[in-house]
Protein chains: 2
Amino acid sequence: MSKHLPEATLRRISLYLRSLSEWEQEGVQTVSSTRLAEAAGTTPATLRKDLNLLGSHGRRGVGYKIETLRPVLETALGLTQPWRVAIVGAGHLGRALSGYAGFTTRGFEVVAVLDASPEVVGTQTGERLVEDAAALEDIVKERGVTLAVLTVPGPAAQALVDRVAAAGVASILSFAPVAVSAPPGVHVNRVDLSTELQLLAHQAGPGLGERRA
Amino acid sequence: MSKHLPEATLRRISLYLRSLSEWEQEGVQTVSSTRLAEAAGTTPATLRKDLNLLGSHGRRGVGYKIETLRPVLETALGLTQPWRVAIVGAGHLGRALSGYAGFTTRGFEVVAVLDASPEVVGTQTGERLVEDAAALEDIVKERGVTLAVLTVPGPAAQALVDRVAAAGVASILSFAPVAVSAPPGVHVNRVDLSTELQLLAHQAGPGLGERRA
DNA sequence: CCGTGTGAATAAATTCACAGCA
DNA sequence: TGCTGTGAATTTATTCACACGG
């Protein structure tokens, strides 16, 4: 159960979980691999392989019981304890994320929004006040921050990764468009909007990109 | 040259391109696979494999000449023509993206920001006015939109994918936390913030997630 | 010699196909 | 009969190791 799960599988588990939660609220009790796979944009075979890595929780001829499956997925993702999130960088993106419903949905709570610019510190964002990034280390300790989201300009990212990591945060999600390095044991994931756009540009066919009227 | 490039390779090419552009502006003329790989967070071997899929552009004992390599990567990504982007959904995230520097940087131009809510239509966001999503089809045609970015609530996403695709847009980047289907020939990529957070939650170690004071 | 180019080996992920249980 | 569980086959991606040119 504590085997190493492939990253591809984990990404899908996150999607499975979302569908399961929706259906559970609608009173659905059971799903088949076909239905759940479709909702997550994958194939039944892949789904069954994924779920089997977590043990056998389905019943042949019936499907999976949502009530028992959901906690298994949550445990696999490490959502058993709530995560305490600090958003560093209160620009457009940081503000957008601080109000992002997905945070509060399940297992994540924003406990601080920080910025280094004096003009921004003290302003309101969603339900929080923006605080001074100079107090980062103190805030991390006082509030038990376990996850940092960096929405800062590229040049500032590495220094903040260092500070955040030194303060004891082991999980970082960075939106800065630069590669950063982190000490051992600290996980940094990147979301790169440029890369996503460029990937689409390619998929539309290399050399294309315009439409003729 | 027009072979099908692996997605993993394309994502990395996007990163290579960013580093190359930076260095080119600093006057650097040549890079080795080691240096470029490090900047992109990968290994020299992988990088060389990637670049070889685009043909041989390096010189043994020297490295890669940035001036010749950059356009090769841009062509591979389909960045030869500018992309005309419509952002659909002027909530927090949509507004953040409309001001996102990465858009304007290379090959992407935001030509419209749309929203369905009367309260939002007409307001300013960055350098644009938010327009009525009801006019989506007209705007797509008039302005030659080639890429749509959806920052709308989950329940609205599928309908908008349908409309945008029907209007002739073949590339869609969706931030909505739902799987959507699209007609053949239309590419939909998703960025899912919840998934990214949950992935981090797992990496920190299943069952962890709190810190003891 | 340095650093690319590349075949071969390895590892990872997906798909297939079907046996087996409710 | 329906749908899961799973070994085997396949495809995809990464890593290794070294020959070769400048």
- Spacing between A:N52 atom CG and D:dT6 atom C1', to the nearest angstrom: 7 Å

N/O donor to acceptor pairs below 3.5 angstrom from side-chain atoms of residues 29-36 of chain B, sequence neighbours left out:
from  : atom 1 : to    : atom 2 : distance (Å)
B:S32 : OG     : B:R35 : N      : 3.2
B:S33 : OG     : B:R48 : NH1    : 3.3

Considering only distance and modelled atom types, tabulate donor-acceptor pairs under 3.5 Å from the side chains of residues 162-184 of chain B, sequence neighbours left out.
from   : atom 1 : to     : atom 2 : distance (Å)
B:D162 : OD1    : B:Q158 : NE2    : 3.0
B:R163 : NE     : B:E137 : OE2    : 2.9
B:R163 : NH2    : B:A133 : O      : 2.9
B:R163 : NH2    : B:E137 : OE1    : 3.0
B:S174 : OG     : B:A176 : N      : 3.2

- Message: Measure CG/B:L10 against P/D:dT12 and give the value in whole Å, please.
- Response: 14 Å

- Whichever of B:Y64 and A:K49 has its nearest DNA chain C nucleotide further upstream toward 5': B:Y64

- Task: May I ask you to list the residues of residues 25-44 of chain A, by number, that have any heavy atom positioned under 4.0 Å from an atom of DNA chain D?
- Result: A:S32, A:S33

- Item | Rounded distance in Å - CG (B:L5) to C1' (D:dT14) | 16 Å

- Length of the line joining B:R60:CZ and D:dA19:P, which is rounded to integer Å: 12 Å

- Contact nearer the 5' end of DNA chain C, comparing A:T9 with B:G58: B:G58

- Query: Counting N and O atoms only, with roles assigned by atom type, does the side chain of B:H202 sit under 3.5 Å from a partner on the main chain of A:A76, one being a donor and the other an acceptor?
  - Reply: yes

- Query: Is there a donor-acceptor pair closer than 3.5 Å between any side-chain N or O of B:T75 and the backbone N or O of B:P71?
  - Reply: yes

- Query: Please give, in whole Å, the distance from D:dT4 C1' to A:I66 CD1?
  - Reply: 16 Å

- Message: Testing the basics here: between B:S98 and B:T125, what is the closest heavy-atom pair and its distance to 0.1 Å?
- Response: OG-OG1, 3.0 Å

- B:E7: partners by side chain to side chain donor-acceptor pair (under 3.5 Å), with sequence neighbours left out: B:R11

- Flag, side chain of A:R143 to backbone of A:V111, donor-acceptor distance under 3.5 Å: yes

- salt bridge (Lys or Arg N to Asp or Glu O under 4.0 Å) pairs, two or more places apart, involving residues 86-95 of chain B: none

- Query: Do side-chain atoms of B:T80 reach the backbone of B:E74 as a donor and acceptor pair under 3.5 angstrom?
  - Reply: no

- Task: Identify the 5'-most and 3'-most nucleotides of DNA chain C with at least one atom closer than 4.0 Å to a non-hydrogen atom of chain B.
- Result: C:dC2 to C:dA8

- Message: Whole angstroms only, please: what is the CG-C1' distance between A:D50 and D:dT4?
- Response: 14 Å

- Task: Examine D:dA13: is either OP1 or OP2 under 4.0 Å from a nitrogen or oxygen in the side chain of B:T46? Give yes or no.
- Result: no

- Note on the structure: With the side chain defined as heavy atoms from C-beta on, B:R48 is closest, among D:dT6, D:dA13, D:dC18, to D:dC18

